[in-house]
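Down below is the structure, laid out as structure tokens.
Start at 1 with the first residue, then count along the sequence.
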Amino acid sequence: MCICFTHCLLLIIAMHLFLHKPSHVLLTLLLLHVQCNGSNDSIVPAVIVFGDSVVDTGNNNNLKTIFKVNYPPYGQDFSGGQPTGRFSNGKVPSDFLVEELGVKDVLPPYLDPNLKNEDLLTGVNFASGGGGYDPLTSVLASVISLDEQIELFKEYKEKVKSVAGEEVLNTILSKGLFVVATGSNDVTNTYFNNPLRLYHYDFDSYTHLMVDSASSFLQNLYNLGARRIGVFGIPPIGCLPSQRTLKGGTLRECAEKNNELAALFNTKLSMEINYLNLNLPSARMVYIDGYYLPLDIIQNPTKYGFDVSTVGCCGTGTIEVAFLCKYTCSNVSEYVFWDSFHFTENAYKIIVHDFLSKNMNLMM
């Protein structure tokens, strides 16, 4: 017997998807549980995101940095066709998280001057494009470091408390979904392109530095009340169009050293998250594989509805990013990459759906 109207409706949807789109069934049933479970333990009241350009929705717009994209052609497929500071042609993972969970349509940047009090109660975004786990990465890019994102989160908590009270804040902290996505800039910008790191650290010691920083950040987040935390691993960074162009030789193959460093970090990060879960009471941290699904999309684009996966839609697609993006392709839906570093809206949607299908139950 259905226990509520939503329960019945979602069961009907699930049966339909089973017949037509079996891969969507798990997420549908999960959302049924989230929206209709009588215990309230499964409700996601807010989504809060930290990280870099993969998830930034506009926090860099007013910074003095080249790592911002609040100008065309970025955002050409966003609502109204307006550039918002999102590093893609449309929505980014932060937006798809809140959309698929039914929280709201998009996730606003915390530093948006037009942010309303009611926006705070369903979640905000602290991510800053160009940042990373290595503290030097954010310094070199002149963007908001993870430590500074934590300070902004502390400020956010005080605002929520003053607007809605401590009980609402505690609900957000204990039942909200916290997501961290960063690390790519550490590999491409800081390690391989900076003598302060490349000549003083081997792969093992540098990934140790990164994981130490990640662990410290996650423990700080936990100590501030967060419990349900998803942490994305680094994608196959050597297969990004820019890295193919710079380090892939005349055939523009994937830069294997970049991928090797990313994979080593991911292994260590996953182990550290398991350790934190065992040692932090009530912590529900989940390592999210951000490597193998993007790699499969890149290697087998037609399997996911794409045609082009070695160049981006922007410019020649080989090296352009940010202010170098002066013109774009006419068929962005066929592309895995928007520019030489970031995925298209359609690719991000696939990645987020996969994350929610496979990992949300582990954090409930």
Asn185 and Thr137: side chain donor to acceptor below 3.5 Å: no
Using a 4.5 Å cut-off on heavy atoms from C-beta on, say whether the side chain of Phe203 contacts that of Lys257. yes
Can you check whether Cys329 and Cys314 have SGs under 2.5 Å apart? no
Establish whether Val106 and Leu177 are linked, either directly or via other cluster members, by ILVMFWY side-chain heavy-atom contacts under 4.5 Å. no
Is the closest side-chain donor-acceptor distance between Thr65 and Ser142 under 3.5 Å? no
Looking at Asp95, Thr122, Asp119, which hits side chain to side chain donor-acceptor pair (under 3.5 Å) with Lys104? Thr122
Are Glu253 and Arg244 ion-paired here, with the side-chain N under 4.0 Å from a carboxylate O? no
Using 30° and 60° as the class limits, which term best fits the ring planes of Phe343 and Phe337: parallel, tilted or perpendicular? parallel
Does some side-chain heavy atom of His342 sit less than 4.5 Å from a side-chain heavy atom of Val321? yes
May I ask you to check whether over 12 heavy atoms, not counting those of Glu167, lie within 6.0 Å of atom CD? no
Within one Ile-Leu-Val-Met-Phe-Trp-Tyr cluster: Phe265 and Leu136, side-chain cutoff 4.5 Å: no
Would you compute the distance between atom NZ of Lys268 and atom CD1 of Ile273 and round it to the nearest 0.5 angstrom? 14.5 Å
Could you measure the distance from the CG atom of Leu269 to the OG atom of Ser215? Nearest 0.5 Å is fine. 9.0 Å
Assess whether side chain to side chain contact (heavy atoms under 4.5 Å, CB included) is satisfied between Phe126 and Leu146, documenting all intermediate values. CA-CA 9 Å; Phe126 298 96; Leu146 286 179; over 6 Å; no
Below 30° counts as parallel, above 60° as perpendicular, anything between as tilted: where do the rings of Tyr74 and Tyr71 land? perpendicular
I'd like to know if Tyr291 and Tyr191 are part of one continuous hydrophobic network [Ile/Leu/Val/Met/Phe/Trp/Tyr, side-chain heavy atoms within less than 4.5 Å]. no
Do any pairs count as a side-chain hydrogen bond (donor to acceptor under 3.5 Å, both in side chains) and have a residue in residues 192-201, sequence neighbours left out, and if so which ones? Asp134-Arg197
Residues Gly238 and Asn259: closest non-hydrogen pair is N-OD1, 2.6 Å
CG of Asp354 to NZ of Lys349, rounded to nearest 0.5 Å, is 14.5 Å
Checking Tyr304 against Asn346 for the side-chain hydrogen bond (donor to acceptor under 3.5 Å, both in side chains) test, could you report, in this order, the C-alpha distance in whole Å, the side-chain angles of both residues, the deciding distance, and whether it holds? CA-CA 10 Å; Tyr304 299 91; Asn346 287 347; over 6 Å; no
Is the closest side-chain heavy-atom distance between Leu276 and Leu218 below 4.5 Å? yes
Between Val179 and Ile48, is the side chain to side chain contact (heavy atoms under 4.5 Å, CB included) condition met? List the steps. CA-CA 6 Å; Val179 174; Ile48 296 174; over 6 Å; no
How about Phe50 and Phe153: are their ring centres within less than 6.0 Å of each other? yes
Would you say Leu97 ends up clustered with Leu173 if hydrophobic residues are merged whenever their side chains have heavy atoms under 4.5 Å apart, either directly or through other cluster members? yes
Can you find a pair of side-chain heavy atoms, one from Glu99 and one from Leu107, that are under 4.5 Å apart? no
Testing Asn59, Asn60, Thr182 one by one against Ser128 for a side chain to side chain donor-acceptor pair (under 3.5 Å), which residue passes? Asn60
Consider only side-chain N and O atoms of Arg86 and Thr84, and report whether a donor and an acceptor are under 3.5 Å apart. yes
Do the side chains of Asp289 and Lys358 get close enough for a salt bridge, i.e. N-O under 4.0 angstrom? no
Could you check whether any side-chain heavy atom of Leu209 comes within less than 4.5 Å of a side-chain heavy atom of Tyr133, counting everything from C-beta outward? no
Criterion side chain to side chain contact (heavy atoms under 4.5 Å, CB included) on Asn277 and Val286, from CA distance to verdict: CA-CA 9 Å; Asn277 273 328; Val286 173; 5.8 Å; no
Report yes if the side chains of Leu246 and Ile319 come closer than 4.5 Å at any heavy-atom pair, otherwise no. yes
Test log, rule side chain to side chain contact (heavy atoms under 4.5 Å, CB included), inputs Val98 and Ser94: CA-CA 7 Å; Val98 294; Ser94 317; over 6 Å; no
So, Glu345 and Ser88: side-chain donor and acceptor under 3.5 Å apart, yes or no? no
Phe232 versus Val54: any side-chain heavy-atom pair under 4.5 Å? no
Using 0.5 Å steps for rounding, measure from the CG atom of Leu280 to the CD atom of Gln219. 6.0 Å
Looking at side-chain heavy atoms only, is the closest gap between Val311 and Thr316 below 4.5 Å? no
Is Arg228 close enough and on-axis enough to Phe178, meaning under 6.0 Å and within 45°, for cation-pi? no
Calculate, to the nearest 0.5 Å, the distance between atoms OG1 and CD belonging to Thr328 and Gln76 respectively. 4.5 Å
If you measure only the distance, is there a donor-acceptor pair under 3.5 Å linking the side chains of Asp212 and His208? yes
Connected via hydrophobic side-chain network under 4.5 Å: Tyr327 and Leu324: no
Testing the 3.5 Å rule here: is there a donor-acceptor pair between the side chains of Gln243 and Asn258? yes
Can you confirm whether more than 12 heavy atoms, excluding those of Tyr275, are under 6.0 Å from its OH atom? no
Using a 3.5 Å cut-off and no angle test, enumerate the donor-acceptor pairs between side-chain atoms of residues 109-117 and protein atoms at least two apart in sequence or in another chain.
residue, atom, partner, partner atom, Å
Tyr110, OH, Glu155, OE2, 2.6
Tyr110, OH, Lys159, NZ, 3.2
Asp112, OD1, Asn114, N, 2.8

For Gly290 and Pro294 the tightest heavy-atom approach is O-CG, 3.1 Å
Please indicate whether Asp202 has more than 12 foreign heavy atoms, meaning atoms of other residues, nucleotides or ligands, lying under 6.0 Å from its CG. yes
Which distance, rounded to the nearest 0.5 Å, do you find between the OG of Ser309 and the CD of Glu334? 12.5 Å
